[in-house]
2 protein chains.
Amino acid sequence: MIKLTEKQQALIERIGIFQEKTGMQPVAGRIVGLLYVSDKPELTFDEIREVLGISKSATSNALNLLQHLNRLDYITYSGDRRRYFRLKLDRWRELVMQEIDSVTEFSATLQEVVAERTKETPEYNRDLLDLADFLKYLHRELPKLMQQWEAQRK
Amino acid sequence: MIKLTEKQQALIERIGIFQEKTGMQPVAGRIVGLLYVSDKPELTFDEIREVLGISKSATSNALNLLQHLNRLDYITYSGDRRRYFRLKLDRWRELVMQEIDSVTEFSATLQEVVAERTKETPEYNRDLLDLADFLKYLHRELPKLMQQWEAQRK
DNA sequence: AGTTTAGTTCTCAAAATTAGGAACCAACAG
DNA sequence: CTGTTGGTTCCTAATTTTGAGAACTAAACT
C-alpha cells in the first residue's frame with residue numbers, strides 16, 4: 001500500500017489546483033498530481049483510488065477523461081488483469097503542440113471577426129489581425145523552437 | 001441602441017465558449033466576445049448590459065473580473081459620467097507573455113517535484129526536467145520570437 | 001435638499017459540477 | 001457454474017457557480 005509524505009501530498013494539491021485552473025475537474029487534477037509525484041509512475045485503478053481516498057466512480061470517470069485529453073495511457077502485464085495507468089509524459093512535446101493548436105484555432109476565429117468588422121476602426125482591426133497572425137506564427141515556429149532547445153542543451 | 005447581426009451574435013457565442021474553456025465565467029466570456037465584434041470597440045456599462053441581455057450585477061462583476069485579469073480598461077470623457085469599457089487589445093503582447101508566465105510558474109513546481117522524487121526512475125525524472133526546462137526556454141525565447149515576427153512581416 | 005444616473009453589493013434561487021454508493025458487467029479462477 | 005476482481009454505469013445528494021433582483025452608494029444635476 002502506497003504511502004505519501006506530507007511534501008508529496010502538498011505537491012499533489014498544488015498540481016491539482018493548477019490543473020483545475022486550466023479547466024480540469026478536481027479529481028482528475030489530483031490524479032495527474034499523484035502520477036507526477038509517485039515513486040511508482042504506473043499505478044493501478046485501486047492504488048489511485050485508495051491513496052487519494054476517492055470513490056470508484058470518480059476514479060473511473062477521471063481516468064477516462066484524462067485518456068480522452070491524451071494525458072494518460074495504461075499498460076498491462078499478462079497474467080495480471082489490472083491496468084497500470086501512467087502519464088504520457090514522454091510525449092510532452094505533443095502535449096505542448098496540442099495546447100498551441102487550440103490557440104491557433106482561436107486565431108482563425110479572430111480572422112473571421114475582422115472579416116465581419118466595420119472598416120471604420122483600422123487600428124483595432126490591425127491589432128486583431130496582428131494577434132491572429134502572431135498566434136499562427138507561434139504555431140509554425142514551435143517545432144523549430146523545440147529543435148533549437150534540443151540543440152542548445154548540453 | 002446597438003444592434004447585432006446573426007453572424008456577430010454567433011461569433012460572440014463562439015468566442016464566449018472559447019473563453020469559458022480557459023476557465024472564464026460565461027458572462028465575462030461573452031463580454032470579451034462582444035468587444036471583439038462590436039463596431040464600436042468602446043461600450044458603456046449599459047450598452048453591454050442591454051445588448052447581452054444580462055443583469056447589472058452580472059455586468060458589474062464580470063467587468064471587474066476582466067479588469068483584474070488585465071483584459072479590460074475603461075476611458076472616460078469629461079462631461080460624461082459613464083465609463084467606456086474596451087479590451088486592452090493593443091497590449092496583446094503583454095497578454096501572451098502573461099499566459100506563458102503561468103506556465104513557467106508550473107515549471108518551477110515540476111522542478112520541486114523532481115527534487116522530491118526517487119532517483120530510481122531516471123527516465124521519468126529526465127522527462128519531467130526536460131519539460132520544465134523547455135517551458136523556461138520558451139519563456140525566455142518568446143520576446144525574441146515576437147521580435148522575429150515583427151521583422152518578418154511586411 | 002431632492003432627483004437622476006452609473007455602478008456596486010447583498011441575498012437568494014436556479015443550474016451545473018462533482019463525487020459517493022450501489023448495482024452492474026465482463027473476464028478469469030477454481 | 002460459482003465466486004472474485006477490475007472497472008463501469010446509474011442514480012442521487014452535496015457543493016459550487018452563476019446570475020437575477022432589489023437595495024444601496026456616490027457623484028452630478030437641478
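Note: hydrogens, waters and symmetry copies are ignored here, and every other heavy atom, side chains too, is used.
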Contact under 4.0 Å: Asn61(B) side-chain N or O vs dT18(D) OP1/OP2: no

Testing the 3.5 Å rule here: is there a donor-acceptor pair between the side chains of Asn70(A) and Gln98(A)? yes

N/O donor-acceptor pair, side chain Ser57(B) with base dA20(D), under 3.5 angstrom: yes

Specify the separation, in whole Å, of atom CG of Leu52(A) and atom P of dT18(C). 16 Å

Rounding to a whole Å, what distance do you find between Leu66(B):CG and dG7(C):P? 15 Å

Quick one: label Leu63(B) by what it contacts on the DNA or RNA (base, sugar-phosphate, nothing), any heavy atom closer than 4.0 Å. nothing

Which nucleotide in the list dG7(C), dG20(C), dC28(C) gets nearest to the side chain of Arg81(A)? dC28(C)

Would you confirm whether Gln152(A), through its side chain, and Trp149(A), through its main-chain N or O, come within 3.5 Å as a donor-acceptor pair? yes

What's the closest nucleotide to the Asn64(B) side chain, out of dA20(D), dG19(D), dT8(C)? dT8(C)

N/O (side chain, Gln25(A)) to phosphate O (OP1/OP2, dT17(C)) under 4.0 Å: no

What is the distance from CG of Leu65(B) to C1' of dT8(C), rounded to the nearest Å? 15 Å

Taking N and O atoms by type only, does the side chain of Ser55(A) place a donor or acceptor under 3.5 Å from a partner on the base of dG21(C)? no

For dG6(D) and Arg82(A) - does any side-chain N or O of the residue sit under 4.0 Å from the phosphate oxygens OP1/OP2? yes

Rounded to the Å, how far apart are Lys21(A) NZ and dT16(D) P? 17 Å

Between Tyr84(B) and Tyr77(B), what is the ring plane arrangement, given parallel below 30°, perpendicular above 60°, and tilted in between? perpendicular

Distance criterion of 3.5 Å, no angle test: do you see the side chain of Ser60(B) paired donor-to-acceptor with the base of dG7(C)? no

Let's test your reading of the model: under 3.5 Å, does the base of dG7(D) pair with the side chain of Thr59(A) as donor and acceptor? no

Hey, does the side chain of Arg83(B) come within less than 4.0 Å of dA27(D)'s phosphate (OP1/OP2), counting only N and O? no

Using atom CD1 of Ile54(A) as one end and atom C1' of dG7(D) as the other, report the distance to the nearest whole Å. 13 Å

Looking at dA6(C), dA26(C), dG7(C), which one has an atom nearest to any side-chain atom of Phe45(B)? dG7(C)

What nucleotide, of dT18(C), dT8(C), dT8(D), holds the atom closest to the side chain of Lys56(B)? dT8(C)

Measure from CD1 on Ile31(A) to P on dA19(C) and round the result to the nearest Å. 10 Å

Within the side chain of Glu50(A), is there an N or O that forms a donor-acceptor pair under 3.5 Å with the backbone of Glu47(A)? no

Any donor-acceptor N/O pair, Arg117(A) side chain to Tyr36(B) backbone, under 3.5 Å: yes

Under a 4.0 Å N-O cut-off, is there an ion pair linking Asp130(B) with Arg153(A)? yes

Please report, rounded to the nearest Å, how far the C1' atom of dG21(C) is from the CZ atom of Arg49(A). 12 Å

Asp46(B) CG to dT4(C) P: how many Å, rounded? 16 Å

